[in-house]
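All remarks here apply to the structure that follows.
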Amino acid sequence: MRIRVMAAVAGLATALVAAPAHAAPSRAELALRWAPIHYQDVDTTGSHALSGKSDFITRYDYDNNLVGTDNWDHAGQSIAAAAYYSVTETADHWFITYFFYHPRDWVDHPFFEGEHENDGEGLTEIIEKDGSEYGVLRAAVSVAHSDFFSYAPAGSTWTGGKETIDGTLQLKASTHDSLQHPVTAQEAKGHGLKAWPQYDIVGDGLVYYPSLTASEAPSSADDRDVQYQLIDIFAAGGMWAQRNNTSLFAALGTFKGDTTGDCGVGTYSCTTNSANAPWGWDDGNDTPSRGEIATDPAKLAAEYFTVPGMLSRTYTYNPYSSAAAALEQAAATLPRTID
């Protein structure tokens with residue numbers, strides 16, 4: 001009997017040793033796990049609204065070219081939903097930046113406010129590696145025009161640092177995977193992005209849910225279940241690879257835009273070169289330099305929050321660092337772009 005028991009124990013031990021370790025999630029899987037459920041307010045009034053399509057998120061190359069100066073003119077040609085992400089990593093945290101693109105930043109009145117071609121706003125989330133498969137969401141910083149806003153989910157151990165936390169990052173279960181996702185929202189027309197419900201849908205609006213494969217077109221200006229496809233900023237030939245394409249970007253991190261089409265017609269003005277990719281985002285009143293919300297998010301986290309545990313500043317994965325010198329020069333010499 002003792003021999004049989006010892007053999008069984010040995011067999012169990014062998015099985016445990018032989019069992020493969022759980023594979024770490026890919027960066028795409030990590031981005032999907034923490035991608036926002038995204039509320040988009042929609043305004044259908046005025047000729048620049050295109051019956052609401054000007055408020056639909058889509059790809060920056062939705063018109064099948066890499067020309068920034070015809071995106072206002074071609075708005076509405078494709079409304080298939082997409083958003084972009086980049087993942088950077090240290091020994092103790094993942095940092096995920098999400099970028100939402102609109103062909104137009106627009107208004108429907110002639111007073112004071114201007115509009116412009118291309119529009120890009122988003123957020124960076126900070127995920128602590130706590131030993132679980134996808135870590136734990138500790139904080140986020142969003143971009144609304146030329147200002148950053150910081151948030152922490154309920155129960156986070158992170159508190160305010162040099163910047164006061166602006167609100168609670170709500171989480172909701174997705175109808176597509178039943179996991180709890182942060183909830184963000186963008187205003188109509190200008191598309192500033194904050195944690196929901198600091199912005200919310202007022203009347204018509206879209207609720208977008210993340211996917212790695214589905215890129216759905218809303219059925220109307222009031223569709224509450226639309227899947228958006230997550231696209232890696234670092235993908236071959238993707239947004240980061242195009243950063244020196246002078247047909248798409250006017251300067252490092254700033255989309256090229258002009259005044260063609262009816263941009264500015266019947267409104268206060270139409271400005272040029274007025275939208276940023278994540279490495280161009282800037283809050284001029286805060287310590288992190290231009291673009292560092294995406295390119296050096298560990299620095300941003302150290303400035304914005306009080307972190308009770310470890311916060312390494314050494315990256316184990318950060319493709320942005322290949323252009324660190326150019327980014328630093330741009331931050332020091334290029335004028336701020338007010339989105």
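Hydrogens, waters and symmetry mates play no part in the numbers below; they use all other heavy atoms, side chains included. This one's a predicted model, so the numbers in the text were calculated from it and none came from an experiment.
Atom CG of D119 and atom CG of N71 lie 11.5 Å apart (nearest 0.5 Å). If you take CD on E216 and CG on D225, they are separated by 7.0 Å, rounding to the nearest 0.5 Å. Separation of atoms CD1 (I127) and CH2 (W94) is listed at 8.5 Å; rounding is to 0.5 Å. Taking CG of D283 as the start and CZ of F148 as the end, the distance is 5.5 Å to the nearest 0.5 Å. Separation of atoms CG (N276) and CG (D282) is listed at 8.0 Å; rounding is to 0.5 Å. Here the CD atom belonging to E303 is positioned 4.5 Å from the OG1 atom belonging to T287, to the nearest 0.5 angstrom.
Side-chain atoms of I126 and E128, non-hydrogen and from C-beta on, never get closer than 4.5 Å to each other. Taking 4.5 Å as the limit, some side-chain heavy atom of T58 sits within range of a side-chain heavy atom of P103. At least one side-chain heavy atom of V183 sits less than 4.5 Å from a side-chain heavy atom of Y39. Residues L252 and L327 meet the side-chain proximity criterion, which asks for heavy atoms closer than 4.5 Å. Using a 4.5 Å heavy-atom cutoff, the side chains of L30 and V87 are in contact. The shortest distance between side-chain heavy atoms of T267 and P110 does not fall below 4.5 Å. Counting only heavy atoms from C-beta outward, the side chains of I57 and Q186 approach each other to under 4.5 Å. Residues I293 and V143 have side chains in contact (heavy-atom distance under 4.5 Å, counting atoms from C-beta outward).
Y60 pairs by the ring-ring contact (aromatic ring centres under 6.0 Å, His included) definition with Y84, not counting sequence neighbours.
Counting heavy atoms of neighbouring residues, nucleotides and ligands inside a 6.0 Å radius, atom OH of Y268 does not exceed 12 of them. More than 12 heavy atoms of other residues, nucleotides or ligands lie within 6.0 Å of CD in Q229, so this atom counts as buried by the packing criterion.
For Y85 and F99, the distance between ring centers is not under 6.0 angstrom. Under the 6.0 Å cut-off for aromatic ring centres, Y320 and W240 qualify, their centroids lying closer than that. Less than 6.0 angstrom separates the ring centroid of H38 from the ring centroid of F100. Ring pair W196/H181: centre-to-centre distance not below 6.0 Å. Between W279 and F249, a ring centre-to-centre spacing shorter than 6.0 Å is recorded. Aromatic ring centres of H145 and W281: separated by at least 6.0 Å.
The backbone N or O of K256 sits less than 3.5 Å from a side-chain atom of N118, completing a donor-acceptor pair. Side-chain atoms of Q227 do not come within 3.5 Å of backbone N or O of S211 as any donor-acceptor pair. Distance alone, capped at 3.5 Å, is enough to place a donor-acceptor pair between the S132 side chain and the G135 backbone. A donor-acceptor pair is defined here as one N or O able to donate and one able to accept, closer than 3.5 Å; such a pair exists between the side chain of E117 and the backbone of D258. A donor-acceptor contact shorter than 3.5 Å is absent between the side chain of T69 and the backbone of G257. Looking at S269, its side chain never comes within 3.5 Å of a backbone N or O of T271 through a donor-acceptor pair. Here the side chain of T168 pairs no donor or acceptor atom with the backbone of Q170 at under 3.5 angstrom. No donor-acceptor pair under 3.5 Å is formed between the side chain of S156 and the backbone N or O of A152. In terms of modelled atom types and a separation under 3.5 Å, the side chain of T254 and the main chain of A250 share no donor-acceptor contact. Looking only at distances, a side-chain donor or acceptor of D73 sits under 3.5 Å from a matching main-chain atom of G261.
Looking at K53 and D55, no side-chain N of the basic residue comes within less than 4.0 Å of a carboxylate O on the acidic one, giving no salt bridge. Using a cut-off of 4.0 Å between Lys/Arg side-chain N and Asp/Glu carboxylate O, E133 and R33 are scored as not salt-bridged. For D108 and K189, the salt-bridge test passes: some basic side-chain N is under 4.0 Å from an acidic carboxylate O.
Between the side chains of S51 and T44, no donor N or O sits under 3.5 Å from an acceptor N or O. Judged purely by distance below 3.5 Å, without hydrogens or angles, the side chains of N273 and H116 never pair a donor atom with an acceptor atom. Side-chain contact of D296 with Y315: a donor-acceptor pair under 3.5 Å is present, judged by distance alone.
L137 is connected to Y98 through a chain of hydrophobic side-chain contacts under 4.5 Å among Ile, Leu, Val, Met, Phe, Trp and Tyr, so both are in one cluster. Note on Y134: it clusters hydrophobically with L230, by side-chain heavy-atom contacts below 4.5 Å among ILVMFWY residues. Under the 4.5 Å side-chain contact rule for hydrophobic residues, I79 and Y62 do not share a cluster. The hydrophobic cluster containing V67 does not contain M239, counting ILVMFWY residues as joined when their side-chain heavy atoms lie under 4.5 angstrom apart, directly or transitively. Under the 4.5 Å side-chain heavy-atom criterion for Ile, Leu, Val, Met, Phe, Trp and Tyr, Y228 and W34 are members of the same hydrophobic cluster.
In terms of heavy-atom proximity, S312 sits nearest to T90 at O-CG2, 3.7 Å. The nearest pair of heavy atoms linking A323 to R243 is CB-NE, 4.1 Å. A pairwise comparison of heavy atoms in I233 and P278 identifies CD1-CG, 4.0 Å as the closest pair. Here the closest non-hydrogen pair linking D177 and S174 is OD1-CB, 3.1 Å. Closest approach of F56 to S220, counting heavy atoms only: CZ-O, 3.8 Å. The nearest pair of heavy atoms linking G167 to Q198 is CA-NE2, 3.9 Å.
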- Stepwise side chain to side chain donor-acceptor pair (under 3.5 Å) test for S86 and R27: CA-CA 9 Å; S86 64; R27 294 184 182 95; over 6 Å; no

- Starting from the C-alpha separation in whole Å, work towards a yes-or-no answer on side chain to side chain contact (heavy atoms under 4.5 Å, CB included) for L300 and E292. CA-CA 7 Å; L300 179 92; E292 288 182 332; 5.9 Å; no

- Decide side chain to side chain donor-acceptor pair (under 3.5 Å) for E187 and H191; before the verdict, give the C-alpha distance in whole Å, the side-chain angles of both, and the deciding distance to 0.1 Å. CA-CA 5 Å; E187 60 185 349; H191 308 136; over 6 Å; no

- Task: In sequence, state the C-alpha distance, the side-chain angles, and the governing distance for Q40 and Y208, and then conclude on side chain to side chain contact (heavy atoms under 4.5 Å, CB included).
- Result: CA-CA 8 Å; Q40 175 65 66; Y208 288 106; 3.8 Å; yes

- For the pair T272 and T259, evaluate side chain to side chain contact (heavy atoms under 4.5 Å, CB included) and give the outcome as yes or no after the intermediate values. CA-CA 7 Å; T272 61; T259 60; 3.7 Å; yes

- Message: Run the ring pair (Phe, Tyr, Trp, His ring centres under 6.0 Å) test on H48 and W72 for me, step by step, so that the C-alpha distance in whole Å, both residues' side-chain angles and the decisive distance to 0.1 Å come before the verdict.
- Response: CA-CA 10 Å; H48 295 190; W72 176 283; 5.5 Å; yes

- Item | Residues I37, V207; criterion side chain to side chain contact (heavy atoms under 4.5 Å, CB included); working and verdict | CA-CA 7 Å; I37 296 171; V207 180; 3.9 Å; yes

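Taking the centre and axis of the six-membered ring of Y199, the NZ or CZ atom of K194 falls inside the cone set by 45° and 6.0 Å. Cation-pi geometry between R138 and F305 is not met at under 6.0 angstrom from the ring centre and within 45 degrees of the axis.
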